[in-house]
Amino acid sequence: MNVTVPNRVFDREDVDALAQICSQPDLRPNVKAVLDAALASVRQSAAKVDEQPSAASVPAPPVLPQAPLPAPQRVDKVVASAAEYTTLGSYAWDQEGPTVKVYVELDGVGALPEQQVTFTVDDQSFDVRVHGLNGKNYRLSLPKLANKIDATASKLIRKPKRMVISLKKQGSSHWASLVFKKDQDDSKFKDTAAEDPSKGIMDLMKKMYDEGDDDMKRTLSKAWYEAQTKRGAGASGGMPDFGADL
């Protein structure tokens, strides 16, 4: 006999309770047959429940150890706002053929890491920034040069005590000044050698001579003599009066 059991979940206690009812001796045969069929269905349901693992028997997923968070690193401040820069207002410049060179004295700049010295250049300007040199930041910015340059061929060269900005001209025409000027009174920049490049070089050499040792003085004297000879002036051009012991 097939008996439809309600779609419920039965456990072992349900089976035991129904089995006790079925075991009563005074049941009518038809009723007992129905109860026996129901007991069989309940036993099947209880057996499926027994096959399913209980929540307590399912092992919990392993707890993986978390990687320790990295310790916070100290970042030294090397980039500053424009108000925190010391302007490098004293420089010299010279030109030879297609190249213009700007010389800036700054002791210790050559020893700085590359990321602390930035050089930005376009077709008529350049900007040099030095960060964290003896606790200070320095900047030389010329936003409008006298003529256009080839930015891709221009570069910054660092020496132990100075920087050399090498600018490649667009063309080979002679520059009368380094920065663009509407007139003599309209310049925004103090260019000590704008009208006379040789004066700027002379000032730079004089400073190097005054601060140099005997070997430096002899080297400058020889360099001056060779430069004058190359230009056709010969030895008669003489060395400028850099010092009495020259």
Side-chain angles (χ1 to χ4, degrees), residues 67-96 99-170 175 177-181 187-194 197 199-217 219-220 223 242:
L69 296 176
Q73 297 181 353
R74 175 183 174 184
V75 179
D76 293 330
K77 180 182 178 183
V78 296
V79 179
S81 63
E84 296 175 322
Y85 285 98
T86 297
T87 300
L88 296 169
S90 178
Y91 57 86
W93 73 283
D94 194 9
Q95 59 184 314
E96 184 174 353
T99 304
V100 173
K101 291 185 177 182
V102 182
Y103 304 89
V104 186
E105 294 291 316
L106 189 60
D107 193 5
V109 68
L112 291 177
E114 291 186 4
Q115 63 269 22
Q116 290 182 227
V117 182
T118 63
F119 176 56
T120 306
V121 60
D122 60 23
D123 63 352
Q124 202 170 354
S125 69
F126 72 83
D127 183 90
V128 179
R129 303 189 187 196
V130 179
H131 302 115
L133 178 58
N134 299 324
K136 297 180 66 176
N137 303 320
Y138 298 88
R139 183 181 184 186
L140 172 61
S141 178
L142 299 184
K144 191 167 185 180
L145 299 170
N147 296 283
K148 291 186 177 296
I149 60 174
D150 182 353
T152 60
S154 301
K155 58 185 178 180
L156 170 68
I157 303 170
R158 288 193 290 148
K159 303 291 185 179
K161 295 185 178 183
R162 67 180 60 89
M163 295 183 293
V164 181
I165 299 98
S166 179
L167 307 174
K168 181 67 178 297
K169 298 178 182 178
Q170 287 189 16
W175 286 22
S177 63
L178 178 61
V179 298
F180 177 83
K181 295 182 178 181
S187 175
K188 294 173 58 179
F189 306 97
K190 181 182 179 181
D191 186 354
T192 58
K199 183 179 183 301
I201 297 298
M202 290 293 298
D203 292 342
L204 180 63
M205 292 182 65
K206 186 176 188 307
K207 181 178 180 180
M208 294 170 60
Y209 181 89
D210 292 339
E211 298 177 355
D213 54 17
D214 292 341
D215 290 337
M216 176 63 74
K217 291 179 172 64
T219 299
L220 288 174
F242 284 169

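Basis for what follows: all heavy atoms, side chains included, without hydrogens, waters or symmetry-related copies. Values in this document were obtained by computation on a predicted structure and should not be read as measured data.
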Should [X] and [Y] count as side-chain neighbours, where that means a heavy-atom distance under 4.5 Å?
X    : Y    : value
V130 : M163 : yes
L142 : Y91  : yes
K169 : N147 : no

> Any idea which heavy atoms bring G132 and N137 closest together, and the distance?
Replying inline: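 Of all heavy-atom pairs spanning G132 and N137, the closest is N-OD1, 2.9 Å.
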> Can you name the one residue among V128, L178, L145, V164 that meets side-chain contact (heavy atoms from CB on, under 4.5 Å) with V102?
Replying inline: L178
Let me confirm one number: the [atom1]-[atom2] distance from [X] to [Y], rounded to the nearest 0.5 Å.
X    : Y    : atom1 : atom2 : answer
W93  : S177 : CH2   : OG    : 6.5 Å
L156 : L167 : CG    : CG    : 10.0 Å
I149 : K168 : CD1   : NZ    : 11.0 Å
R158 : F119 : CZ    : CZ    : 12.5 Å
D127 : L140 : CG    : CG    : 8.0 Å
K148 : S125 : NZ    : OG    : 9.5 Å

> Does the distance from a Lys or Arg side-chain N to an Asp or Glu carboxylate O, for D94 and K101, drop under 4.0 Å?
Replying inline: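 Looking at D94 and K101, the cut-off is not met.
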>> So if I apply the side-chain hydrogen bond (donor to acceptor under 3.5 Å, both in side chains) rule between Y85 and each of R139, H131, K136, which one comes out positive?
In response: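 One option only clears the test, and that one is H131.
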